Amino acid sequence: MLSSRLLAGARVWQASRASPSSLAHNGRIVQKRTMLNFIKTTLGVETESSDEPTPENRFHPWETSPYQDLRARAASIKAHAKCPITGKEINYTCPISGIPTHHSREAWEQDVDYHKNKVYEKLRMANTYEHDLRSGREFPEFDFAGTQDPDKTVNFMNWDTFFYTRMFYSMDTEFQLAAVTKMMSYPVTIGGIMHEYSPYLLKPKGNLTLEGLKSLAALRYTLYPKDRNRVWQDRPMRVFILGARAESQLPPHVWKQLSYLFPYTSLEVNFIGPESNFDKEKGQYVYSSTPVTQKIDENLTLNLYSDYFHVLHEYQDFFPYDPYQDVFMLFHPGLGAPEAMDQWEKTIPGLLDSKCAIFSTGFHESDIQRDWDWLHEKFGDKFDVLLDKQDNVFGSTKWEVNDPAPSEVFQFNQKIFGFRGKRYHAIPK
Amino acid sequence: MTPAMRRARAPFFWKNLATFVGLFSLIGGVYGYAMYVTRPDDFGDIPVPPINDSELASLKAKYEKEAAEKNN
(Lines give C-alpha, C1' and ligand atoms only; values in the text may rest on other atoms or scores of the structure.)
Protein backbone atom coordinates (compact mmCIF):
# COMPACT_ATOMS: atom_id res chain seq x y z
CA MET A 1 0.00 0.00 0.00
CA LEU A 2 1.29 3.44 0.84
CA SER A 3 4.84 2.41 1.54
CA SER A 4 6.14 5.87 0.85
CA ARG A 5 4.23 7.74 3.52
CA LEU A 6 7.36 9.63 4.43
CA LEU A 7 8.13 10.50 0.86
CA ALA A 8 4.64 11.81 0.37
CA GLY A 9 4.92 13.88 3.52
CA ALA A 10 8.16 15.45 2.48
CA ARG A 11 6.69 16.35 -0.85
CA VAL A 12 3.75 18.29 0.47
CA TRP A 13 5.72 21.40 0.82
CA GLN A 14 7.67 21.17 -2.35
CA ALA A 15 4.63 21.83 -4.47
CA SER A 16 3.63 24.99 -2.70
CA ARG A 17 7.12 26.34 -2.99
CA ALA A 18 6.23 27.57 -6.43
CA SER A 19 4.16 30.38 -4.96
CA PRO A 20 6.83 32.85 -3.78
CA SER A 21 8.38 32.96 -7.23
CA SER A 22 5.14 34.35 -8.59
CA LEU A 23 5.39 37.23 -6.15
CA ALA A 24 8.80 38.11 -7.50
CA HIS A 25 7.25 39.78 -10.53
CA ASN A 26 8.41 43.18 -11.50
CA GLY A 27 6.23 45.48 -9.41
CA ARG A 28 5.57 47.93 -12.20
CA ILE A 29 4.29 45.33 -14.65
CA VAL A 30 1.91 43.97 -12.04
CA GLN A 31 0.66 47.44 -11.27
CA LYS A 32 0.10 48.23 -14.93
CA ARG A 33 -1.81 45.00 -15.40
CA THR A 34 -4.07 45.53 -12.40
CA MET A 35 -4.79 49.10 -13.59
CA LEU A 36 -5.75 47.78 -17.00
CA ASN A 37 -7.90 45.07 -15.46
CA PHE A 38 -9.55 47.66 -13.26
CA ILE A 39 -10.50 49.78 -16.26
CA LYS A 40 -11.72 46.73 -18.14
CA THR A 41 -13.88 45.55 -15.25
CA THR A 42 -15.37 49.00 -14.74
CA LEU A 43 -16.26 49.14 -18.42
CA GLY A 44 -17.68 45.64 -18.14
CA VAL A 45 -15.32 44.21 -20.73
CA GLU A 46 -14.54 40.54 -20.11
CA THR A 47 -10.88 40.12 -19.15
CA GLU A 48 -9.60 36.90 -20.65
CA SER A 49 -6.16 36.38 -19.19
CA SER A 50 -3.98 34.02 -21.16
CA ASP A 51 -2.58 32.76 -17.85
CA GLU A 52 -5.96 31.53 -16.64
CA PRO A 53 -5.51 27.87 -15.64
CA THR A 54 -7.73 25.41 -17.47
CA PRO A 55 -7.64 21.60 -17.48
CA GLU A 56 -6.43 21.84 -21.08
CA ASN A 57 -3.60 24.35 -20.87
CA ARG A 58 -2.17 22.82 -17.70
CA PHE A 59 -1.97 19.33 -19.13
CA HIS A 60 1.35 17.82 -20.18
CA PRO A 61 2.45 14.20 -20.00
CA TRP A 62 4.92 14.10 -17.12
CA GLU A 63 7.68 12.62 -19.22
CA THR A 64 7.61 15.59 -21.58
CA SER A 65 6.71 18.13 -18.91
CA PRO A 66 8.33 21.56 -19.17
CA TYR A 67 9.41 21.18 -15.54
CA GLN A 68 12.49 19.21 -14.63
CA ASP A 69 11.20 17.89 -11.29
CA LEU A 70 8.08 16.38 -12.87
CA ARG A 71 10.16 14.68 -15.54
CA ALA A 72 12.30 13.31 -12.71
CA ARG A 73 9.22 12.06 -10.91
CA ALA A 74 8.01 10.29 -14.04
CA ALA A 75 11.43 8.67 -14.33
CA SER A 76 11.35 7.62 -10.69
CA ILE A 77 7.88 6.10 -11.12
CA LYS A 78 9.20 4.10 -14.06
CA ALA A 79 12.24 3.01 -12.08
CA HIS A 80 10.60 2.03 -8.78
CA ALA A 81 6.87 1.42 -9.19
CA LYS A 82 5.35 -1.86 -10.29
CA CYS A 83 2.47 -2.34 -12.68
CA PRO A 84 -0.71 -3.26 -10.74
CA ILE A 85 -1.71 -5.85 -13.37
CA THR A 86 1.44 -7.58 -14.49
CA GLY A 87 3.69 -6.80 -11.54
CA LYS A 88 6.42 -5.77 -13.95
CA GLU A 89 8.09 -2.38 -14.27
CA ILE A 90 6.08 0.53 -15.63
CA ASN A 91 6.61 1.47 -19.26
CA TYR A 92 3.29 2.79 -20.44
CA THR A 93 1.99 6.31 -19.91
CA CYS A 94 -1.76 6.50 -19.54
CA PRO A 95 -2.89 8.68 -22.48
CA ILE A 96 -5.71 10.29 -20.50
CA SER A 97 -3.82 11.26 -17.35
CA GLY A 98 -0.33 11.67 -18.79
CA ILE A 99 1.21 9.76 -15.90
CA PRO A 100 3.04 6.43 -16.30
CA THR A 101 0.79 3.81 -14.73
CA HIS A 102 1.12 0.40 -16.37
CA HIS A 103 3.57 -2.00 -17.97
CA SER A 104 2.04 -1.88 -21.42
CA ARG A 105 -1.06 -0.81 -23.28
CA GLU A 106 -2.53 -4.31 -22.85
CA ALA A 107 -2.11 -4.13 -19.08
CA TRP A 108 -3.67 -0.67 -19.09
CA GLU A 109 -6.66 -1.97 -21.01
CA GLN A 110 -7.01 -4.97 -18.71
CA ASP A 111 -7.06 -2.89 -15.53
CA VAL A 112 -10.80 -3.02 -14.82
CA ASP A 113 -10.66 -1.11 -11.52
CA TYR A 114 -8.70 1.67 -13.13
CA HIS A 115 -11.32 2.28 -15.78
CA LYS A 116 -14.39 1.49 -13.71
CA ASN A 117 -13.43 3.90 -10.90
CA LYS A 118 -12.21 6.49 -13.43
CA VAL A 119 -8.87 6.73 -11.66
CA TYR A 120 -7.48 8.35 -14.78
CA GLU A 121 -9.66 11.41 -14.20
CA LYS A 122 -8.21 11.93 -10.74
CA LEU A 123 -4.70 11.28 -12.02
CA ARG A 124 -5.27 13.83 -14.73
CA MET A 125 -6.37 16.36 -12.13
CA ALA A 126 -3.28 15.55 -10.08
CA ASN A 127 -1.20 16.10 -13.19
CA THR A 128 -2.76 19.47 -14.04
CA TYR A 129 -2.59 20.71 -10.42
CA GLU A 130 1.14 19.97 -10.28
CA HIS A 131 1.70 21.86 -13.51
CA ASP A 132 -0.43 24.76 -12.35
CA LEU A 133 1.61 25.21 -9.17
CA ARG A 134 4.77 25.42 -11.26
CA SER A 135 3.26 27.63 -13.97
CA GLY A 136 4.36 30.86 -12.28
CA ARG A 137 0.95 32.48 -12.70
CA GLU A 138 -0.16 34.97 -10.10
CA PHE A 139 -1.44 33.35 -6.93
CA PRO A 140 -3.68 35.99 -5.35
CA GLU A 141 -5.48 33.22 -3.47
CA PHE A 142 -2.46 32.82 -1.20
CA ASP A 143 -3.22 36.18 0.41
CA PHE A 144 -5.24 34.71 3.24
CA ALA A 145 -8.03 36.47 5.06
CA GLY A 146 -7.27 38.17 8.35
CA THR A 147 -9.33 38.79 11.47
CA GLN A 148 -12.95 37.77 11.23
CA ASP A 149 -15.54 40.45 11.90
CA PRO A 150 -17.28 39.30 15.12
CA ASP A 151 -20.66 40.06 13.55
CA LYS A 152 -20.03 37.73 10.63
CA THR A 153 -20.48 34.05 11.26
CA VAL A 154 -18.22 31.53 9.57
CA ASN A 155 -20.12 28.83 7.72
CA PHE A 156 -18.51 25.40 8.01
CA MET A 157 -20.77 23.57 5.57
CA ASN A 158 -18.02 23.07 2.98
CA TRP A 159 -14.93 24.75 1.57
CA ASP A 160 -16.94 27.11 -0.63
CA THR A 161 -19.07 28.51 2.16
CA PHE A 162 -16.06 28.64 4.46
CA PHE A 163 -13.97 30.71 2.06
CA TYR A 164 -16.94 32.89 1.20
CA THR A 165 -17.87 33.70 4.79
CA ARG A 166 -14.24 34.08 5.82
CA MET A 167 -13.84 36.62 2.98
CA PHE A 168 -11.05 34.76 1.22
CA TYR A 169 -10.03 35.54 -2.32
CA SER A 170 -12.73 34.25 -4.65
CA MET A 171 -11.67 30.69 -5.52
CA ASP A 172 -13.16 30.54 -8.99
CA THR A 173 -11.32 27.54 -10.39
CA GLU A 174 -10.52 24.10 -9.06
CA PHE A 175 -6.83 25.01 -9.37
CA GLN A 176 -7.11 27.80 -6.84
CA LEU A 177 -9.04 25.54 -4.48
CA ALA A 178 -6.46 22.79 -4.85
CA ALA A 179 -3.57 25.11 -4.10
CA VAL A 180 -5.15 26.65 -1.02
CA THR A 181 -7.08 23.76 0.51
CA LYS A 182 -3.94 21.65 0.68
CA MET A 183 -2.46 24.08 3.20
CA MET A 184 -5.69 25.18 4.84
CA SER A 185 -6.85 21.61 5.34
CA TYR A 186 -4.73 21.21 8.49
CA PRO A 187 -5.92 24.18 10.57
CA VAL A 188 -9.48 24.14 9.24
CA THR A 189 -9.94 20.41 9.90
CA ILE A 190 -9.16 21.12 13.56
CA GLY A 191 -11.29 24.26 13.59
CA GLY A 192 -14.19 22.52 11.88
CA ILE A 193 -14.30 19.86 14.58
CA MET A 194 -14.06 22.16 17.58
CA HIS A 195 -16.15 25.09 16.36
CA GLU A 196 -19.68 25.55 17.69
CA TYR A 197 -21.01 25.50 14.11
CA SER A 198 -19.15 22.33 13.27
CA PRO A 199 -20.44 20.37 10.25
CA TYR A 200 -20.12 17.10 12.21
CA LEU A 201 -23.58 16.52 13.63
CA LEU A 202 -24.90 14.06 16.17
CA LYS A 203 -26.27 10.76 14.89
CA PRO A 204 -28.51 10.10 13.05
CA LYS A 205 -28.07 13.45 11.29
CA GLY A 206 -24.31 13.11 11.19
CA ASN A 207 -21.63 10.66 12.26
CA LEU A 208 -20.89 12.04 15.72
CA THR A 209 -21.66 9.66 18.57
CA LEU A 210 -23.02 10.72 21.94
CA GLU A 211 -19.56 10.20 23.45
CA GLY A 212 -18.19 12.41 20.70
CA LEU A 213 -20.63 15.16 21.55
CA LYS A 214 -19.59 14.90 25.20
CA SER A 215 -15.94 15.37 24.29
CA LEU A 216 -16.64 18.26 21.92
CA ALA A 217 -18.96 19.87 24.46
CA ALA A 218 -16.09 19.77 26.95
CA LEU A 219 -13.80 21.52 24.48
CA ARG A 220 -16.47 24.09 23.58
CA TYR A 221 -16.96 24.77 27.27
CA THR A 222 -13.45 26.24 27.18
CA LEU A 223 -13.82 27.86 23.76
CA TYR A 224 -17.16 29.55 24.41
CA PRO A 225 -17.43 30.54 28.06
CA LYS A 226 -20.64 32.19 29.25
CA ASP A 227 -18.85 35.04 30.95
CA ARG A 228 -16.10 36.55 28.84
CA ASN A 229 -15.49 39.44 31.18
CA ARG A 230 -13.37 37.29 33.43
CA VAL A 231 -10.21 35.43 32.49
CA TRP A 232 -11.39 31.87 31.96
CA GLN A 233 -8.25 30.14 30.72
CA ASP A 234 -5.58 29.44 33.28
CA ARG A 235 -3.43 28.04 30.48
CA PRO A 236 -3.65 27.96 26.67
CA MET A 237 -5.77 25.33 25.00
CA ARG A 238 -3.44 22.69 23.61
CA VAL A 239 -3.69 20.98 20.23
CA PHE A 240 -1.28 18.06 19.94
CA ILE A 241 -0.35 17.01 16.44
CA LEU A 242 1.26 13.60 16.60
CA GLY A 243 3.54 12.25 13.92
CA ALA A 244 3.76 15.76 12.48
CA ARG A 245 5.42 15.95 9.09
CA ALA A 246 4.39 18.47 6.46
CA GLU A 247 2.03 20.30 8.82
CA SER A 248 4.89 21.44 11.05
CA GLN A 249 6.51 23.09 8.04
CA LEU A 250 3.46 25.13 7.15
CA PRO A 251 4.16 28.84 7.56
CA PRO A 252 2.87 30.36 10.81
CA HIS A 253 0.25 32.45 9.02
CA VAL A 254 -1.50 29.24 7.98
CA TRP A 255 -1.74 28.16 11.62
CA LYS A 256 -2.89 31.64 12.48
CA GLN A 257 -6.00 30.80 10.44
CA LEU A 258 -6.96 28.41 13.25
CA SER A 259 -6.54 31.22 15.73
CA TYR A 260 -8.80 33.53 13.68
CA LEU A 261 -11.60 31.01 14.12
CA PHE A 262 -11.27 31.22 17.92
CA PRO A 263 -10.27 34.86 18.40
CA TYR A 264 -10.79 34.92 22.17
CA THR A 265 -9.00 31.68 22.97
CA SER A 266 -5.34 31.31 23.57
CA LEU A 267 -4.05 28.30 21.66
CA GLU A 268 -0.90 26.22 21.74
CA VAL A 269 -0.19 23.91 18.81
CA ASN A 270 2.30 21.17 19.66
CA PHE A 271 3.93 19.25 16.81
CA ILE A 272 5.27 15.98 18.10
CA GLY A 273 7.43 13.42 16.34
CA PRO A 274 10.93 12.92 14.95
CA GLU A 275 9.89 14.56 11.68
CA SER A 276 8.42 17.68 13.19
CA ASN A 277 11.53 19.83 12.98
CA PHE A 278 12.79 20.18 9.43
CA ASP A 279 15.86 22.29 8.84
CA LYS A 280 15.47 23.84 5.41
CA GLU A 281 19.13 24.83 5.17
CA LYS A 282 20.43 21.39 6.02
CA GLY A 283 17.60 19.76 4.11
CA GLN A 284 16.97 17.17 6.83
CA TYR A 285 15.05 16.60 10.05
CA VAL A 286 16.94 17.81 13.09
CA TYR A 287 16.66 16.60 16.65
CA SER A 288 16.39 18.93 19.58
CA SER A 289 16.04 17.66 23.16
CA THR A 290 14.14 20.78 24.19
CA PRO A 291 11.04 21.99 22.36
CA VAL A 292 11.51 24.65 19.71
CA THR A 293 9.01 27.36 20.56
CA GLN A 294 7.63 29.94 18.18
CA LYS A 295 5.34 32.50 19.76
CA ILE A 296 3.25 33.99 16.95
CA ASP A 297 1.22 36.38 19.09
CA GLU A 298 -0.40 36.41 22.53
CA ASN A 299 -3.01 33.89 21.42
CA LEU A 300 -0.96 31.42 19.40
CA THR A 301 2.20 29.48 20.15
CA LEU A 302 3.74 26.74 18.02
CA ASN A 303 5.99 24.15 19.69
CA LEU A 304 8.09 21.53 17.95
CA TYR A 305 9.01 18.40 19.91
CA SER A 306 11.37 16.02 18.16
CA ASP A 307 10.59 12.96 20.30
CA TYR A 308 7.84 10.41 19.96
CA PHE A 309 4.76 11.12 22.02
CA HIS A 310 5.18 8.04 24.21
CA VAL A 311 8.66 9.22 25.25
CA LEU A 312 7.35 12.64 26.26
CA HIS A 313 4.33 11.02 27.86
CA GLU A 314 6.62 8.90 30.05
CA TYR A 315 8.58 11.97 31.09
CA GLN A 316 5.21 13.49 32.00
CA ASP A 317 6.11 16.57 30.00
CA PHE A 318 2.50 17.33 29.14
CA PHE A 319 0.91 16.48 32.47
CA PRO A 320 -1.78 17.12 33.45
CA TYR A 321 -4.07 16.41 30.52
CA ASP A 322 -7.47 17.98 30.56
CA PRO A 323 -10.23 16.82 28.20
CA TYR A 324 -11.68 20.33 28.46
CA GLN A 325 -8.53 21.96 27.11
CA ASP A 326 -6.56 19.37 25.14
CA VAL A 327 -7.23 17.69 21.83
CA PHE A 328 -5.10 15.30 19.79
CA MET A 329 -4.87 15.31 16.01
CA LEU A 330 -3.31 12.52 13.98
CA PHE A 331 -2.91 13.62 10.37
CA HIS A 332 -2.65 10.44 8.29
CA PRO A 333 -0.78 8.57 11.02
CA GLY A 334 -0.86 5.20 9.26
CA LEU A 335 -1.76 3.44 12.51
CA GLY A 336 -2.01 0.14 10.70
CA ALA A 337 0.86 0.74 8.27
CA PRO A 338 3.54 -1.92 8.77
CA GLU A 339 6.37 0.61 9.06
CA ALA A 340 4.64 2.76 11.65
CA MET A 341 2.46 0.46 13.75
CA ASP A 342 5.20 -0.48 16.25
CA GLN A 343 5.57 3.11 17.35
CA TRP A 344 1.84 3.72 17.39
CA GLU A 345 1.33 0.67 19.58
CA LYS A 346 3.45 2.38 22.23
CA THR A 347 1.79 5.76 21.73
CA ILE A 348 -1.89 4.85 21.71
CA PRO A 349 -2.11 3.70 25.39
CA GLY A 350 -0.85 7.11 26.48
CA LEU A 351 -3.41 8.83 24.27
CA LEU A 352 -6.23 6.70 25.64
CA ASP A 353 -5.07 7.35 29.22
CA SER A 354 -5.36 11.09 28.67
CA LYS A 355 -9.15 10.73 28.06
CA CYS A 356 -8.88 13.60 25.60
CA ALA A 357 -10.51 13.54 22.18
CA ILE A 358 -8.34 12.11 19.40
CA PHE A 359 -9.07 12.67 15.70
CA SER A 360 -7.29 10.84 12.94
CA THR A 361 -7.33 11.40 9.19
CA GLY A 362 -6.45 9.21 6.24
CA PHE A 363 -5.32 9.51 2.64
CA HIS A 364 -8.17 7.46 1.20
CA GLU A 365 -10.79 4.86 2.05
CA SER A 366 -8.54 1.84 2.36
CA ASP A 367 -5.92 3.78 4.33
CA ILE A 368 -8.38 4.86 7.00
CA GLN A 369 -10.05 1.46 6.97
CA ARG A 370 -6.70 -0.12 7.82
CA ASP A 371 -6.15 2.33 10.70
CA TRP A 372 -9.68 1.74 11.93
CA ASP A 373 -9.31 -2.05 11.80
CA TRP A 374 -5.91 -1.97 13.48
CA LEU A 375 -7.20 0.20 16.31
CA HIS A 376 -10.22 -2.03 16.87
CA GLU A 377 -8.06 -5.12 16.80
CA LYS A 378 -5.45 -3.86 19.28
CA PHE A 379 -7.47 -1.61 21.58
CA GLY A 380 -11.04 -2.64 20.76
CA ASP A 381 -12.44 -2.52 24.31
CA LYS A 382 -10.39 0.41 25.57
CA PHE A 383 -11.83 3.30 23.57
CA ASP A 384 -15.09 4.92 22.56
CA VAL A 385 -15.67 6.05 19.00
CA LEU A 386 -16.33 9.79 18.87
CA LEU A 387 -16.78 10.19 15.15
CA ASP A 388 -17.43 7.29 12.78
CA LYS A 389 -15.13 7.32 9.84
CA GLN A 390 -16.41 9.58 7.08
CA ASP A 391 -15.25 12.07 4.47
CA ASN A 392 -13.44 14.98 6.01
CA VAL A 393 -15.40 18.11 5.13
CA PHE A 394 -12.15 20.08 5.04
CA GLY A 395 -9.87 17.63 3.30
CA SER A 396 -7.50 18.82 0.59
CA THR A 397 -9.20 18.98 -2.81
CA LYS A 398 -5.89 18.45 -4.58
CA TRP A 399 -5.47 14.94 -5.95
CA GLU A 400 -2.02 13.46 -5.45
CA VAL A 401 -0.03 10.77 -7.20
CA ASN A 402 1.55 8.12 -5.00
CA ASP A 403 4.84 7.47 -6.78
CA PRO A 404 5.43 3.84 -5.70
CA ALA A 405 1.89 2.95 -6.88
CA PRO A 406 0.77 5.63 -9.34
CA SER A 407 -2.72 4.27 -9.88
CA GLU A 408 -3.41 4.69 -6.16
CA VAL A 409 -4.55 8.32 -6.01
CA PHE A 410 -5.11 10.08 -2.70
CA GLN A 411 -5.86 13.42 -1.09
CA PHE A 412 -4.47 14.78 2.14
CA ASN A 413 -6.90 14.48 5.07
CA GLN A 414 -9.53 12.94 2.84
CA LYS A 415 -11.14 10.80 5.57
CA ILE A 416 -11.54 11.33 9.29
CA PHE A 417 -12.59 9.52 12.45
CA GLY A 418 -12.37 10.22 16.16
CA PHE A 419 -11.89 8.15 19.31
CA ARG A 420 -11.09 8.53 23.00
CA GLY A 421 -10.15 6.35 25.98
CA LYS A 422 -13.17 5.01 27.82
CA ARG A 423 -14.26 7.32 30.62
CA TYR A 424 -15.77 4.58 32.82
CA HIS A 425 -15.30 0.94 33.62
CA ALA A 426 -17.74 -1.58 32.34
CA ILE A 427 -19.48 -3.34 35.24
CA PRO A 428 -19.84 -7.10 34.68
CA LYS A 429 -23.20 -8.47 35.76
CA MET B 1 -21.31 37.01 -9.32
CA THR B 2 -18.14 34.99 -9.38
CA PRO B 3 -18.29 31.18 -9.69
CA ALA B 4 -17.02 30.84 -6.11
CA MET B 5 -19.80 33.04 -4.82
CA ARG B 6 -22.38 31.10 -6.80
CA ARG B 7 -21.10 27.80 -5.39
CA ALA B 8 -21.14 29.16 -1.86
CA ARG B 9 -24.71 30.37 -2.24
CA ALA B 10 -26.04 27.35 -4.12
CA PRO B 11 -26.97 25.32 -0.98
CA PHE B 12 -29.16 28.19 0.20
CA PHE B 13 -30.72 29.19 -3.12
CA TRP B 14 -34.06 27.35 -2.91
CA LYS B 15 -34.62 28.13 0.75
CA ASN B 16 -33.82 31.77 0.15
CA LEU B 17 -36.16 31.81 -2.81
CA ALA B 18 -38.94 30.24 -0.72
CA THR B 19 -38.38 32.83 2.00
CA PHE B 20 -38.49 35.57 -0.60
CA VAL B 21 -41.71 34.27 -2.10
CA GLY B 22 -43.23 33.90 1.38
CA LEU B 23 -42.29 37.41 2.50
CA PHE B 24 -43.28 38.93 -0.83
CA SER B 25 -46.69 37.28 -0.86
CA LEU B 26 -47.32 38.38 2.72
CA ILE B 27 -46.39 41.99 2.07
CA GLY B 28 -48.00 41.97 -1.35
CA GLY B 29 -51.13 40.50 0.20
CA VAL B 30 -51.33 43.18 2.88
CA TYR B 31 -50.79 45.90 0.29
CA GLY B 32 -53.26 44.42 -2.14
CA TYR B 33 -55.90 43.95 0.52
CA ALA B 34 -55.44 47.52 1.76
CA MET B 35 -55.80 48.82 -1.79
CA TYR B 36 -58.89 46.70 -2.26
CA VAL B 37 -60.70 47.87 0.86
CA THR B 38 -59.89 51.57 0.30
CA ARG B 39 -60.83 51.65 -3.37
CA PRO B 40 -62.97 54.72 -4.43
CA ASP B 41 -66.67 54.14 -3.90
CA ASP B 42 -68.88 53.97 -6.94
CA PHE B 43 -72.34 55.42 -6.28
CA GLY B 44 -73.48 55.01 -9.84
CA ASP B 45 -75.96 52.32 -8.87
CA ILE B 46 -77.74 54.52 -6.33
CA PRO B 47 -80.86 55.99 -7.96
CA VAL B 48 -81.03 59.78 -7.82
CA PRO B 49 -84.49 60.85 -6.58
CA PRO B 50 -86.42 62.76 -9.19
CA ILE B 51 -86.66 66.57 -8.84
CA ASN B 52 -89.29 68.96 -10.33
CA ASP B 53 -88.50 72.06 -12.43
CA SER B 54 -89.59 74.79 -9.94
CA GLU B 55 -87.48 73.30 -7.18
CA LEU B 56 -84.54 73.13 -9.59
CA ALA B 57 -84.94 76.77 -10.55
CA SER B 58 -85.01 77.93 -6.90
CA LEU B 59 -81.94 75.89 -6.09
CA LYS B 60 -80.13 77.34 -9.11
CA ALA B 61 -81.00 80.91 -8.07
CA LYS B 62 -79.79 80.22 -4.54
CA TYR B 63 -76.53 78.85 -5.85
CA GLU B 64 -75.90 81.75 -8.16
CA LYS B 65 -76.60 84.22 -5.38
CA GLU B 66 -74.09 82.49 -3.10
CA ALA B 67 -71.48 82.46 -5.85
CA ALA B 68 -71.98 86.18 -6.53
CA GLU B 69 -71.56 86.97 -2.82
CA LYS B 70 -68.36 84.96 -2.70
CA ASN B 71 -66.91 86.86 -5.63
CA ASN B 72 -67.63 90.27 -4.11
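From a predicted model like this one, the values you see are computed outputs, not experimental measurements. Only this structure's heavy atoms are used, side chains among them; waters, hydrogens and symmetry mates stay out. Lettering follows sequence order; numbering is per chain, from 1.
Environment of NZ in K118(A): sparse, with no more than 12 heavy atoms of neighbouring residues, nucleotides or ligands closer than 6.0 Å. Environment of OH in Y224(A): crowded, with over 12 heavy atoms of neighbouring residues, nucleotides or ligands closer than 6.0 Å.
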Show the numbers, then the answer: is there a side-chain contact (heavy atoms from CB on, under 4.5 Å) between T2(B) and Y164(A)? CA-CA 11 Å; T2(B) 63; Y164(A) 182 62; over 6 Å; no
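Using a 4.5 Å cut-off between heavy atoms, R9(B) contacts chain A through its side chain alone, with no backbone atom that close.
Counting all heavy atoms, side chain and backbone alike, A8(B) lies closest to T161(A) at O-CG2, 3.5 Å.
Here ring-ring contact (aromatic ring centres under 6.0 Å, His included) pairs that include residues 21-72 of chain B, with residues two or more places apart or in two chains, are F20(B)-F24(B).
Contact check for P11(B) versus M157(A): side-chain heavy atoms found under the 4.5 Å cut-off.
Listed for the R7(B) side chain is a donor-acceptor partner under 3.5 Å among the backbone atoms of M171(A).
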